[in-house]
2 protein chains.
Amino acid sequence: MSALHDHTHCIADALTRADALCAERGARLTALRRRVLELVWSSHRPRGAYAILEDLSQQDGKAAAPLTVYRALEFLVEQGLVHRIESLNAYVGCAAPGDVHSGQFLVCEACGDAAEIDDPGVGAAIDAAAAERGFRVQRPTVEVRGLCKSCQENPR
Amino acid sequence: MSALHDHTHCIADALTRADALCAERGARLTALRRRVLELVWSSHRPRGAYAILEDLSQQDGKAAAPLTVYRALEFLVEQGLVHRIESLNAYVGCAAPGDVHSGQFLVCEACGDAAEIDDPGVGAAIDAAAAERGFRVQRPTVEVRGLCKSCQENPR
DNA sequence: ACATGGGTGTTACTTTATAACACTCCGCCG
DNA sequence: CGGCGGAGTGTTATAAAGTAACACCCATGT
């Protein structure tokens with residue numbers, strides 16, 4: 001997310017990884033799904049389904065229906081290519097698809113950036129807390145609201 | 001949550017604690033807000049704003065508007081009397097208002113119960129992970145989906 | 001060719017949440 | 001006392017997010 005960040009490259013990279021992963025799994029990353037994945041990545045920020053829908057409609061000419069986007073997002077989330085940020089009703093590209101992804105985010109209130117972390121300590125603490133209570137974890141969600149480093153340093 | 005659980009008492013208890021806390025803080029727990037708090041507690045499960053709205057309309061005779069409920073909920077959340085479960089778009093009474101409440105929940109996919117935990121290990125792990133990245137935590141959210149103990153033991 | 005099933009399109013609708021603005025009630029100050 | 005101000009509430013309308021139901025298309029395998 002720095003100004004130096006080569007975002008074009010990073011989108012291309014995400015698409016390449018997605019191609020590889022889906023091929024490996026026999027999952028069908030169709031043109032539409034691939035396009036939606038690209039739009040999710042188009043900024044490094046979490047994006048709402050309707051924002052993506054708008055892009056699809058405007059950039060691709062045809063007016064898509066919400067379901068079109070939701071279905072593609074559902075697939076992408078299932079494949080672990082995209083995460084949903086519950087507290088924002090928004091979606092963001094997964095930084096490390098393929099790896100175990102527990103979905104931990106540091107969400108900056110100021111700049112809107114959502115940094116994905118995969119902190120083993122947090123994961124372990126959750127597992128321990130759940131185990132202690134006999135709870136069987138299926139999908140942990142961690143979304144920490146606060147201020148990212150650069151927004152603390154450059155407040156407005 | 002057991003069948004033996006004296007729920008009526010537990011609602012009354014929550015209201016008493018709320019009265020005390022608000023008095024102490026000079027916050028105005030008006031009749032409406034108190035009633036909404038009571039309705040949030042009416043089951044031990046997370047409840048949607050519109051479910052509460054319906055109760056309000058049906059049980060109290062007059063048709064309330066969504067904003068009425070949302071405003072009351074906003075107040076209750078601010079006061080730490082109620083938590084919002086982001087992944088469910090629902091609200092649940094806080095088990096320990098007044099204490100530091102980090103908002104950690106074990107949400108059972110089968111029975112819908114959301115057990116509030118306040119695990120120091122999880123809190124500490126999040127603080128550590130954030131600190132490591134220079135992120136300043138304001139509001140951590142932990143919502144773990146899975147199966148609670150009793151639903152594992154009595155599957156259907 | 002034909003059946004099959006996954007993916008997509010289309011229309012309508014539900015659920016969740018907010019905006020804008022008026023009114024009321026109550027304490028406070030002059 | 002009288003009016004001012006601010007928090008709380010009411011009312012209407014609207015936005016944002018998500019889903020249901022059903023039809024069609026097209027690649028694939030037999």
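Proteins get letters first, then strands, A, B, ... in listed order; numbering begins at 1 in each.
Picking from C:dG6, C:dT8, C:dA17 the nucleotide with the shortest atom distance to the side chain of B:Ala49 gives C:dA17. For A:Pro66, the listed nucleotide lying nearest its side chain is D:dT19; candidates were C:dG7, D:dT19, D:dG8. Checking C:dT8, C:dA17, D:dA7 against the side-chain heavy atoms of B:Arg28 singles out D:dA7 as nearest.
Note: CG (A:Leu88) to P (C:dT16) measures 18 Å, nearest angstrom. Look at CZ on B:Arg47: it is 15 Å from P on C:dT15, rounded to the nearest Å. Atoms CG (B:Leu73) and C1' (D:dT9) sit 15 Å apart, rounded to a whole Å. Between B:Tyr70 atom OH and D:dA17 atom C1' there is a gap of 11 Å when expressed in whole angstrom units. For B:Arg33 and D:dT9, the CZ to C1' distance is 10 Å, given to the nearest whole Å. D:dA7 atom P lies 18 Å from atom CG of B:Leu29, rounded to whole Å. What separates CG of B:Leu56 from P of D:dT9 is a distance of 11 Å, to the nearest Å. Rounded to an integer number of Å, the gap from A:Phe75 CZ to C:dG7 P is 7 Å.
Taking 4.0 angstrom as the limit, B:Thr68 places a side-chain polar atom (N or O) nearer than this to OP1 or OP2 of D:dG10. Listed pair B:Asn89 / C:dA17 meets the phosphate criterion, a side-chain N or O lying under 4.0 Å from OP1 or OP2.
A donor N or O paired with an acceptor N or O is not found under 3.5 Å between the base of D:dA15 and the side-chain atoms of A:Tyr50.
Scanning all heavy atoms of the two residues, the minimum distance from B:His7 to B:Trp41 falls at NE2-O, 2.9 Å.
If you check every strand for non-hydrogen atoms under 4.0 Å, B:Leu32 touches sugar and phosphate atoms only. Contacts of B:Arg71 with the nucleic acid, taken as non-hydrogen atoms under 4.0 Å apart, include base atoms.
The number of heavy-atom neighbours closer than 6.0 Å to CZ of A:Arg17, taken from other residues, nucleotides and ligands shown, is above 12.
Between A:Ala65 and B:Tyr91, the one whose closest nucleotide on DNA chain C sits nearer the 5' end is A:Ala65. Residue order along DNA chain D, read from the 5' end via each residue's closest nucleotide, puts B:Ala72 first among B:Ala72 and A:Arg84. When each of A:Leu67 and A:Ala51 is assigned the nucleotide of DNA chain D with its nearest heavy atom, A:Ala51 is the one assigned upstream, toward the 5' end.
Donor-acceptor pairing under 3.5 Å is recorded for the side chains of B:Ser87 and B:Glu143.
Sorted by first and then second residue, the side-chain hydrogen bond (donor to acceptor under 3.5 Å, both in side chains) pairs with a member in residues 29-38 of chain A read A:Asp19-A:Arg34, A:Arg35-A:Glu38, A:Arg35-A:Gln59, A:Arg35-A:Asp60; sequence neighbours excluded.
By the rule that hydrophobic residues join a cluster once side-chain heavy atoms approach within less than 4.5 Å of another member, B:Val69 and B:Val82 end up as members of one cluster.
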